[in-house]
Structure formats: structure tokens, C-alpha cells
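Atoms considered below: every heavy atom in the structure, side chains included; atoms not considered: hydrogens, waters and symmetry mates. Every chain is numbered from 1 and lettered A, B, ... according to where its sequence line falls, protein lines coming before strand lines.
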Protein chains: 2
Amino acid sequence: MKWDSLEDEPCSLARTVAVIGDRWTLLVLRECFLRVRRFDDFEASLGITRHVLADRLKKLVRFGVLRKIPYQEAPRRDEYILTQRGLDLYPIVMSIVQWGNVHMVDSRGRPMLHEHKTCKKMFDPVMVCSECGEPLTAKAVHVHPGPGARQSSPVHAKAQERAKRD
Amino acid sequence: MKWDSLEDEPCSLARTVAVIGDRWTLLVLRECFLRVRRFDDFEASLGITRHVLADRLKKLVRFGVLRKIPYQEAPRRDEYILTQRGLDLYPIVMSIVQWGNVHMVDSRGRPMLHEHKTCKKMFDPVMVCSECGEPLTAKAVHVHPGPGARQSSPVHAKAQERAKRD
DNA sequence: ACCATAAGTTCTAATTTGGAACTGTCAATA
DNA sequence: TATTGACAGTTCCAAATTAGAACTTATGGT
């Protein structure tokens, strides 16, 4: 599989992975949500090579996740700002952080705490069902092909059988 | 930055990214949640090379996300099954799917629909605050250093200033 | 004896990344 | 005037990773 074809796959996960699914991109996005905006600042806080950073920023702009906004002319300098499309990645970032908080902390505890301005409390992110509000678990969810699906492979037919048995 | 040092960073996102932060790993996990379990089935449904697949499965086992369970002896054959640690990745997978559903669908619509067995309705995953239950947005969240933090860099001090201004 | 199944491993070539130096434009300093 | 520094990249080569295909090992079936 070629990586450019990933965004054309009939799978919402694959298409999103085509945009954000590599290590440096996720770390760049972390910095964006921490309000880092400039090329050299990304480099300094991440230790990413300039080569790869330029590539990742270009890709995020191309996918509409970031927008370049000039903050001075002569010489022209731009900041990279999250678009709404980019801000919508927040649940992904937070669910990654949450898993790390639960499964990857060392004895010193969490590196970072989150306060909800709305209710003024320290919180954890929780993923719930839009219909009933209950927290979601993998076992409580059934998948169905949607209108944009193509017919399932033999492998998935086999897996489907397993799903029925369980 | 070396990739092995990523899991030692004082950042829950970086530590999680060390486990799941590459394209093939995320696609392998998608298959796991679709109940694919065997080496050749992963290969067939993903088109991943056997070399990389073996590497990624080994890594996921090492991090406790998957467990090898024998399904026959002589010759011994194992299936890869999600552990609880792995099942806990579900919010990450679903938030990635959800972003794709919103921002990457084509005219044919969603490739896949999700039904909540608990309430029997088709749903979208929503990330909410554990304390007040409101949906989370990036702008409504304030970050604080936690007990496992190290002091912030000049870059982040600058970003912190911006956060106050906004 | 020959073929098939399953889960890898090994090999070489192509691609991507790391690390460092270089470029272009402007402002401030010596 | 010449030099230095800031900023946002680009360019270059070596090192690491991935793609693609063939090979291995153990066993059962015809």
C-alpha cells in the first residue's frame, strides 16, 4: 500500500491516519495545542530536524489542519495556527494523553493536569455515546457497513463470525 | 530525538505515541478491533509487508497491548488478542474514526456506522469532561504542570503568555 | 513424494529520516 | 561599513526504515 492511497481508502480511520498518523505529526500537533506557532519554536521544543518539520507543517497546511498567518512583513514571517479542522483533532490528542495517563505514568505521577474552564475542575476526558451518554467500550459497539463502504473481504467475514460468537 | 527515548519523555502523549504512533500500528489496531487475530489475516487485509507486520505485532505485545494466545499445538500457532490495556485504546481509535467521518468523507457517505448495544442506536463518539459531562473543546481547557512535570522551556513560557492573552 | 497452511525470517533496493551546513531577507550593533 | 543575529526554510550525505519477494520450519493431507 502506498501512503498517498491511504487517504482514498474507504475507511475513516485510514483517511485520518493519512493526515496525522506519524510520530512527528502527532508531536507537532501537541505543540500546536500548547500554542507553539513558529518554525524555530517547534524545532526547539521538539528536537525535530528542520527538514522533517518543514515537511510535516506543509502537509498539515495542505490538509487544512494548520493555516499560515503572517505576523510581520519584510521579511515576511508566518505563524502556524490551528484551523477549526485542526481544533477538531482535540479529542484525538486528549484520548492519546488519557491513555498515557492511565497506562504509561511513572512513580512521579502525571506530567500534566487539565482544568475545565467551564466547571473549574481538574478532569479526565471521557468518551461517551452521543445518544445515551454512557461511556463507550469496544465490546458494547456493533459495526455496520455504511453507504460509503465496499463489500467486506473474506478476512473480515471470518472476523464477523467471531464477533457473532462472542 | 531517538524513538526509544520517546517513552521516557515527561509527556503522556509522547509516551503513548511511542506505542501506537505510526501508520501501520494504527491500522493493525483497527483490524484488532474488527476482530482480526492471525498473522496472515492481518497481512491479507492490510497489504502490510510481513517484515513490518512481525515487527509491529512484537512491539504491541511488548507494550502489553496484545497477547499471544495459542489456538493449536503441533505446530504451535498463536492468535493476537487485545488485552485490557489494548481495549483501553478504543477511545483513541474512535476519535480518529470520528474526525475522519466529519472531515474526510466523500460524496458516498461514511464507510462504517456504529451501533451502541446498550441503547440500540447509531451513535457518534463524543468526548466529555469527567466532572461536568460537557463536551470538551480545546479552548475550554487550561493546562497545569502535574507532579511528573519538569520545568517548562522558554518556548513554552512564551506560549503560556499567548494562552493568557487569548 | 508432493502440495498446502501458517507464522515468521532473510535478502536487496527504494524511501525516509537524522544531522549538519547553507541560503535569503532584514534589523541591530561595532 | 562590516558584522552579527533572527527566522524560515533548503540542500547534502549518511544512517535507518520500509517495500517486495523469496526462503524456512513444522505439520497434515492426497
Side-chain angles (χ1 to χ4, degrees), chain A residues 1-6 14 17-28 31-32 36-62 66-81 153-155 158-159 162, chain B residues 1-6 14 17-28 31-32 36-62 66-81 153-155 158-159 162:
Chain A
M1 190 196 295
K2 276 142 196 151
W3 281 121
D4 294 345
S5 72
L6 199 55
V17 165
V19 182
I20 58 143
D22 84 288
R23 297 159 122 105
W24 281 125
T25 299
L26 287 165
L27 291 168
V28 167
E31 295 305 300
C32 292
V36 171
R37 296 180 172 179
R38 300 188 184 177
F39 194 92
D40 282 17
D41 287 347
F42 284 109
E43 194 213 354
S45 69
L46 289 173
I48 188 175
T49 64
R50 305 175 73 79
H51 186 54
V52 173
L53 176 57
D55 179 79
R56 294 301 187 277
L57 290 172
K58 207 169 287 178
K59 179 176 294 181
L60 288 170
V61 168
R62 182 158 53 80
L66 297 178
R67 196 169 48 225
K68 287 176 81 160
I69 307 283
Y71 68 90
Q72 69 170 46
E73 303 290 338
R76 187 195 177 96
R77 297 277 182 252
D78 295 294
E79 291 185 318
Y80 292 91
I81 311 279
S153 65
V155 168
K158 182 162 124 189
R162 249 196 302 271
Chain B
M1 191 196 295
K2 275 141 198 152
W3 281 120
D4 294 346
S5 72
L6 199 56
V17 165
V19 181
I20 59 145
D22 83 288
R23 297 156 122 107
W24 281 126
T25 300
L26 287 165
L27 291 168
V28 166
E31 295 305 301
C32 291
V36 172
R37 296 180 172 179
R38 300 187 184 177
F39 193 93
D40 282 15
D41 287 347
F42 283 110
E43 193 212 354
S45 69
L46 289 172
I48 187 175
T49 63
R50 304 175 74 78
H51 185 55
V52 172
L53 176 58
D55 179 79
R56 294 301 186 278
L57 290 172
K58 205 169 288 178
K59 179 177 294 183
L60 288 170
V61 169
R62 182 158 52 80
L66 298 178
R67 195 170 47 226
K68 287 176 82 160
I69 307 281
Y71 67 90
Q72 70 171 43
E73 304 289 340
R76 188 194 176 96
R77 297 277 182 253
D78 295 295
E79 291 185 317
Y80 292 90
I81 311 279
S153 66
V155 168
K158 182 161 124 188
R162 252 196 300 272

Value in whole Å for how far the P atom of dA8(D) lies from CZ of Arg37(A): 13 Å
Separation of Leu6(A) atom CG from dT18(D) atom P, in whole Å? 15 Å
Is the phosphate of dG18(C) approached by Trp24(A) (side-chain N or O, under 4.0 Å from OP1 or OP2)? yes
Heavy atoms from C-beta onward define the side chain here; which of dT18(D), dC7(D), dT17(C) lies closest to that of Val52(B)? dT18(D)
Nearest whole Å is fine: how far is dT18(D) C1' from Glu43(B) CD? 14 Å
Under 4.5 Å between any side-chain heavy atoms of Leu27(A) and Leu6(B), yes or no? yes
Is the shortest side-chain heavy-atom distance between Tyr80(B) and Lys68(B) below 4.5 Å? yes
Under 4.0 Å between a side-chain N or O of Lys58(B) and OP1 or OP2 of dT9(C)? yes
Between atom CG in Leu53(A) and atom C1' in dG9(D), what is the gap in whole Å? 9 Å
Closest-nucleotide ordering on DNA chain C, the 5'-leading residue of His51(B) and Asp22(A): His51(B)
State, yes or no, whether a side-chain contact exists between Arg50(A) and Phe39(A) at a heavy-atom distance under 4.5 Å. yes
Could you check whether Asp78(B) gets within reach of a base, just the sugar-phosphate, or nothing at all, counting any heavy atom under 4.0 Å? sugar-phosphate
What's the CZ-P distance between Phe42(A) and dC7(D), to the nearest Å? 14 Å
Side chains of Arg37(B) and Tyr71(B), heavy atoms from C-beta outward: is any pair under 4.5 Å? no
In Å and rounded to the nearest 0.5 Å, what is the CD1 to CG distance from Ile48(A) to Asp55(A)? 9.0 Å
Supply the atom-to-atom distance Arg62(A) CZ to Leu57(A) CG, rounded to the nearest 0.5 angstrom. 12.5 Å
Per nearest nucleotide of DNA chain C, the residue lying toward the 5' end, Thr49(A) or Tyr80(B), is Tyr80(B)
Pick base, sugar-phosphate or nothing for Arg23(B), based on heavy-atom distances below 4.0 Å to the nucleic acid. nothing
Quickly work out the Asp40(A) CG to dC7(D) P distance and round it to whole Å. 6 Å
Closer than 4.0 Å, any side-chain N/O of Lys59(B) to the OP1 or OP2 of dT17(D)? no
State, yes or no, whether a side-chain contact exists between Arg38(B) and Asp40(B) at a heavy-atom distance under 4.5 Å. no
When every nucleotide of nucleotides 22-30 of chain D is labelled 5' to 3' by its protein contacts under 4.0 Å (heavy atoms), B for base, S for sugar-phosphate only, - for none, what sequence of letters results? B---BS---
Whole angstroms only, please: what is the CZ-C1' distance between Arg76(A) and dC26(C)? 15 Å
Categorize Arg38(B) for me: base, sugar-phosphate, or nothing, with a 4.0 angstrom heavy-atom threshold over every strand shown. sugar-phosphate
Report yes if the side chains of Arg56(A) and Asp22(A) come closer than 4.5 Å at any heavy-atom pair, otherwise no. yes
Calculate the interatomic distance between Ile48(B) atom CD1 and dT9(C) atom C1'; express it in whole Å. 15 Å
Please work out if Tyr71(A) contacts a base, only the sugar-phosphate, or nothing of the nucleic acid, heavy-atom cut-off 4.0 Å. sugar-phosphate
